[in-house]
Amino acid sequence: MDKKNIIKKLLPMGLLLAASVAIGVTGATVLHTLKLENPIKTPTVEGEIKEENLGIETKQVSFTNTGEADVFIRAAISQTWTYEEDGKKTILPNTIYYETDNKLVHVAVPYGNVDKFTADSIQKNGNGTSDWIYNADDGWYYYNKVLKTSATTTNLVENVKFDLVTNNKLTDQRYKKAGYQLHCVMEVVQASDNADVSKEAVKKLFDKDLAIPENWNKDTYIISWPIK
């Protein structure tokens, strides 16, 4: 057999062998492909507003940490009166002009244990030390302790007085038949064992420059919220 015929017969075998080797290498590459997932669970940050009506003027409002992380907390309130006549509802303001004293007054006045209150905020009950501080610039009440998981704040509101209504001192008689509502809202920010992390979180979400030491103990430290 001449050399040309031998080469023609061997060439297809060589191509087949080359193809087999290529297929084998490709298969090995696929078998060594690995996908790894490593999910990380983060603690939840949640809260709940607790409200109890214990009488005509006794209304207790507090806040509970229902999440999995310790938190900083602040709260705000608003008040409305709803008067209904002939199927039509009218929202009445809580702050009105009182002609007798020639000044603005509040029809309903919530009372609690709040430091640094003003005339348009919750009035202070007694002279004890408060766990809440009011910031007149932004309208929020700040809790001066880190609220632990499952813990509840002291009461922000303890009772509400309606002296102008009950003593019939208002010229607008609609308030005597109107329904009163106290609205509450809360915000929480996760508290970290790392002071710098806590400061950054509070600055970003509350827009407050929190003054706490580097080696602070969030379980016992009393927060002095900066009032701008």
Which label fits Y142 and F206: parallel for a plane angle under 30°, tilted from 30 to 60°, or perpendicular past 60°? perpendicular
Do you reckon W225 sits in the same ILVMFWY cluster as V197, going by side-chain contacts under 4.5 Å, direct or chained? no
Can you list everything that forms a side chain to side chain donor-acceptor pair (under 3.5 Å) with W81? Sequence neighbours excluded, please. N94
Which residue pairs pass the salt bridge (charged side-chain N to carboxylate O under 4.0 Å, His left out) test with at least one member in residues 72-90, sequence neighbours excluded? R74-E187
Identify the two heavy atoms, one from Y141 and one from A76, that lie closest to each other, and give their separation to 0.1 Å. CD1-CA, 4.3 Å
Work out which heavy atom in A191 is nearest to a heavy atom in V146; give both atom names and the distance. CB-CG1, 3.8 Å
Are K199 and E214 side-chain neighbours, meaning at least one heavy-atom pair lies under 4.5 Å? yes
What do the steps show when you test V188 against N65 for side chain to side chain contact (heavy atoms under 4.5 Å, CB included), and what is the final call? CA-CA 9 Å; V188 295; N65 180 0; over 6 Å; no
Given V107, L182, T95, the one that forms side-chain contact (heavy atoms from CB on, under 4.5 Å) with Q79: L182
Residue pair Y134 / D138, side-chain donor-acceptor N/O under 3.5 Å: no
Residue pairs, two or more places apart or on separate chains, that pass salt bridge (charged side-chain N to carboxylate O under 4.0 Å, His left out) and touch residues 146-157: D70-K148, K148-D219
Write down the atom of C184, the atom of V61, and the distance for their closest heavy-atom approach. SG-CG1, 3.7 Å
If you define the side chain from C-beta out and look only at heavy atoms, does anything of I223 sit under 4.5 Å from K145? no
Which residues share a side chain to side chain donor-acceptor pair (under 3.5 Å) with T154, sequence neighbours left out: D131
Check side chain to side chain donor-acceptor pair (under 3.5 Å) between S78 and all other residues, then give those that pass, not counting sequence neighbours. none
Looking only at the aromatic ring of each residue, does the gap between the centers of F72 and Y143 stay below 6.0 angstrom? no
Report yes if the side chains of Q173 and N168 come closer than 4.5 Å at any heavy-atom pair, otherwise no. yes
On a heavy-atom basis, the closest approach of F63 and V185 is CE2-O, 4.5 Å
Smallest separation among heavy atoms of N194 and W216, with atom names: C-NE1, 4.1 Å
Results of side chain to side chain donor-acceptor pair (under 3.5 Å) for D172 - residues two or more places apart only: R174
